[in-house]
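Written below as structure tokens is the structure these notes are about.
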Amino acid sequence: MTAFDFDTHVVDNLPAPAAKWTGFARHNFIGGHNAPESIVASQLADCARDVLTREAQSLAFYNVGHGPQGYMPLREWLRDKLDRQAGIKCTTDEILVTSGSSPAIDLVNRVMLSPGDTVVVEQSNYGGVLRRLERLKCDMISLELDEGGMRMDQLERALSDLKAKGKKAKYIYTIPTVQNPTATIMPLDRRQEMLRLAEAHDTAIFEDECYSDLIWTGERPPAIYALDETGRTIFTSTFSKSIAPALRVGYLVAKWPFLSRAIACKSDAGSGMLEQMTLAEFCPKYFDGHLASLIKLLENKRDVLIEALNENFGTTVEFSHPPGGIFLWVKFPDTVDTSELTKVANAAGIAVNPGPEWSVHHPEGNRHIRLCYASPSPDDIRQGVSELADVCHDRFGVPLRSANRARQT
Ligand SMILES: Cc1ncc(COP(=O)(O)O)c(C=O)c1O
């Protein structure tokens, strides 16, 4: 019998087929995983048990009878948290719970984008969004970042250039608070300026606040959504970075003219309720305390990584000290092709994200790698960085010195 050939039956323009999962690398610095030791197992288990003991019968109903926007007690907690921490005044009707912020991004794109549309993005960026925009065949205008995030002079120029061509950006995608991968935090005046420009050029803003809970000082500027008096901002965030990515709980916040469109396009019959119910039980009791210890743990891991890089790479690499988050964006000299470095490191059991996948067509991307320091242990960080320096030296001849000793060339 001849095997059925699916390749001749699938639609055009699919992404390349997925590779089979072969497990994590020995030293895993990729992805946005969280710290395993931060997972508060017994509290989560107690919360799941308590809510199920009380409300298990409601699982018989799609969305436990709370409608397509998600479990009401979770939305109530989110409404209060957004007010307290991001300055956002919204109602539970402006919140749509999704299975992580990835589906929230897909919903925004589903509602807003057609092939050929233009989107403004930060040049160094979350690869997941860049891949989506490529697949949707959108034109990306990428803007440089400085220590305050997306540069507003470049935004003004980009929007004016589009206007001169009779075009508009569909939205400006920004990660203003602890940007991925640069970890910059956009100051208040820049957020206001972005809103001013968006209004002048009649475009929307898509604000992705994945990491804004993870700032060492706990202090952050208000969300762009909070400053927006025109209803043009769509906000997304997630529990992936503050609690656990495997829970798959994120959310969109938007005014009804947008949110009603997104709800109409959400075709999964509701996001998982057990996770939402557990979080609604957990968050009022434990979220703030948990976050305080998670932040300490992450800051310590950041310090370990920086120390390990200084010791093993010396002045060969450059980076700024992230004020929060889980990533370090590390710059190499131009003699190091970071895509090639990523390949040889991977072969040696050290997984790092290559800069070009986290950048929009820009030579700077080739000079960077992104390291996630949240999931490896401090010992693993030290060992992984030391092995990365060996691999880099063997392939590119740098670093010339490690731990104050010259290397053989
Ligand atoms: C900026 C940004 N947005 C969205 C996501 C998606 O996260 P999740 O789907 O786990 O909520 C990530 C994941 O790393 C991210 O870095």
Side-chain angles (χ1 to χ4, degrees), residues 29-33 101-102 105 118-135 138-158 169 171-187 190-191 193-194 205-212 214-215 221 224 236 238 241 302 305-306 309 313 316-334 336-342 345 351-374:
F29 294 102
I30 64 170
H33 304 291
S101 53
S102 302
I105 293 169
T118 302
V119 173
V120 177
V121 298
E122 284 143 5
Q123 198 160 70
S124 309
N125 212 318
Y126 169 44
V129 156
L130 301 183
R131 298 298 86 74
R132 279 173 169 81
L133 294 173
E134 282 162 11
R135 241 180 272 143
C138 288
D139 292 333
M140 281 184 257
I141 300 184
S142 65
L143 309 182
E144 284 171 26
L145 300 112
D146 60 20
E147 62 289 345
M150 183 189 287
R151 281 179 45 181
M152 289 303 113
D153 57 332
Q154 295 206 356
L155 179 61
E156 178 150 40
R157 199 169 326 125
Y171 63 66
I172 303 162
Y173 172 72
T174 182
I175 313 170
T177 317
V178 192
Q179 206 260 356
N180 177 2
T182 59
T184 49
I185 299 179
M186 187 184 285
R190 226 180 256 207
R191 292 169 191 241
E193 178 65 357
M194 183 183 287
I205 296 174
F206 184 12
E207 176 177 34
D208 187 342
E209 287 260 87
C210 223
Y211 302 95
S212 56
L214 307 180
I215 300 178
I224 296 170
T236 188
T238 180
K241 315 300 168 179
R302 178 208 67 165
L305 177 59
I306 287 177
L309 284 167
F313 283 89
T316 299
V317 295
E318 293 166 39
F319 46 83
S320 57
H321 288 215
I326 56 176
F327 300 120
L328 201 66
W329 185 232
V330 184
K331 186 172 181 179
F332 283 75
D334 54 13
V336 176
D337 170 352
T338 57
S339 295
E340 175 65 10
L341 174 62
T342 304
V352 303
N353 285 121
E357 290 180 15
W358 259 253
S359 317
V360 188
H361 323 295
H362 193 264
E364 275 297 287
N366 287 330
R367 297 190 52 190
H368 285 83
I369 61 170
R370 193 191 71 164
L371 298 175
C372 172
Y373 49 81

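Bear in mind the structure is a predicted one, so any value in this text is a computation, not a measurement.
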**Request:** Check the pair Glu156, Asp153 against side chain to side chain contact (heavy atoms under 4.5 Å, CB included), reporting the backbone distance first and the verdict last.
**Result:** CA-CA 5 Å; Glu156 178 150 40; Asp153 57 332; 5.8 Å; no
**Asked** Met150 and Ile172: side chain to side chain contact (heavy atoms under 4.5 Å, CB included), yes or no, with the steps?
**Response** CA-CA 10 Å; Met150 183 189 287; Ile172 303 162; 3.7 Å; yes
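Taking all atoms of both residues into account, the shortest heavy-atom contact from Ile205 to Met194 is CD1-CG, 3.8 Å. The two atoms that bring Asn353 and Gly31 nearest to each other are OD1-N, 3.2 Å, heavy atoms only. Nearest heavy-atom pair across Lys241 and Gly32 is NZ-O, 3.1 Å. Annotation for Gly365 and Thr338: closest pair O-OG1, 3.8 Å, computed over non-hydrogen atoms. Taking each heavy atom of Val317 and Phe313 in turn, the nearest pair found is CG2-CB, 3.6 Å.
Considering only heavy atoms from C-beta on, Glu144 stays 4.5 Å or farther from Glu364 through its side chain. At a threshold of 4.5 Å between non-hydrogen side-chain atoms, the residues Pro354 and Glu340 do not count as touching. Between Arg132 and Ser102, the closest side-chain pair of non-hydrogen atoms falls below 4.5 Å. Between Ile175 and Asn125 the shortest side-chain heavy-atom distance falls below 4.5 Å. Within the 4.5 Å cutoff, the side chain of Val178 has no heavy atoms near those of the Phe327 side chain. Inter-residue side-chain proximity for Phe29 and Leu328 is flagged as unmet; no heavy-atom pair is nearer than 4.5 Å. Taking 4.5 Å as the limit, some side-chain heavy atom of Asn180 sits within range of a side-chain heavy atom of Arg370. You'll find the side chain of Phe206 stays beyond 4.5 Å of the side chain of Val129, heavy atoms only.
Taking CG from Leu130 and OG from Ser359, the interatomic distance works out to 8.0 Å, rounded to the nearest 0.5 Å. The CG atom of Leu371 sits 5.5 Å away from atom CG of Leu305, with the distance rounded to the nearest 0.5 Å. Considering OG of Ser320 and CD1 of Ile306, their distance stands at 8.5 Å, rounded to 0.5 Å. Atoms OH and SG, from Tyr173 and Cys138 in turn, are 14.0 Å apart once rounded to the nearest 0.5 Å.
Exactly one residue among Asn366, Ile369, Asp337 makes a side chain to side chain contact (heavy atoms under 4.5 Å, CB included) with Pro356. That residue is Asn366. Asp146 pairs in a side chain to side chain donor-acceptor pair (under 3.5 Å) with only one of the listed residues (Arg190, Gln154, Arg151), which is Arg190.
Ring-plane geometry between Trp329 and His368 is classed as parallel, the angle between the planes falling under 30 degrees on a 0 to 90 degree scale with a further cut at 60.
Checking side-chain atoms of Tyr373 against main-chain N and O of Gly325 turns up a donor-acceptor pair under 3.5 Å. A donor-acceptor distance shorter than 3.5 angstrom exists from the side chain of Arg302 to the backbone of Pro322, with no hydrogens or angles considered. Side chain of Gln179 to backbone of Thr182: a donor-acceptor contact under 3.5 angstrom is found.
Glu207 is linked by a side chain to side chain donor-acceptor pair (under 3.5 Å) to nothing, counting only residues two or more places apart in sequence or in another chain. The side chain to side chain donor-acceptor pair (under 3.5 Å) test applied to Thr174 returns Glu122, not counting sequence neighbours.
A salt bridge does not link Glu357 to Arg131: none of the charged side-chain nitrogens sits closer than 4.0 Å to a carboxylate oxygen.
Defined by atom type and a distance below 3.5 Å, a donor-acceptor pair is present between the side-chain atoms of Arg191 and Thr177.
The salt bridge (charged side-chain N to carboxylate O under 4.0 Å, His left out) pairs that include a residue from residues 319-330 number zero, where partners must be two or more places apart or lie in different chains.
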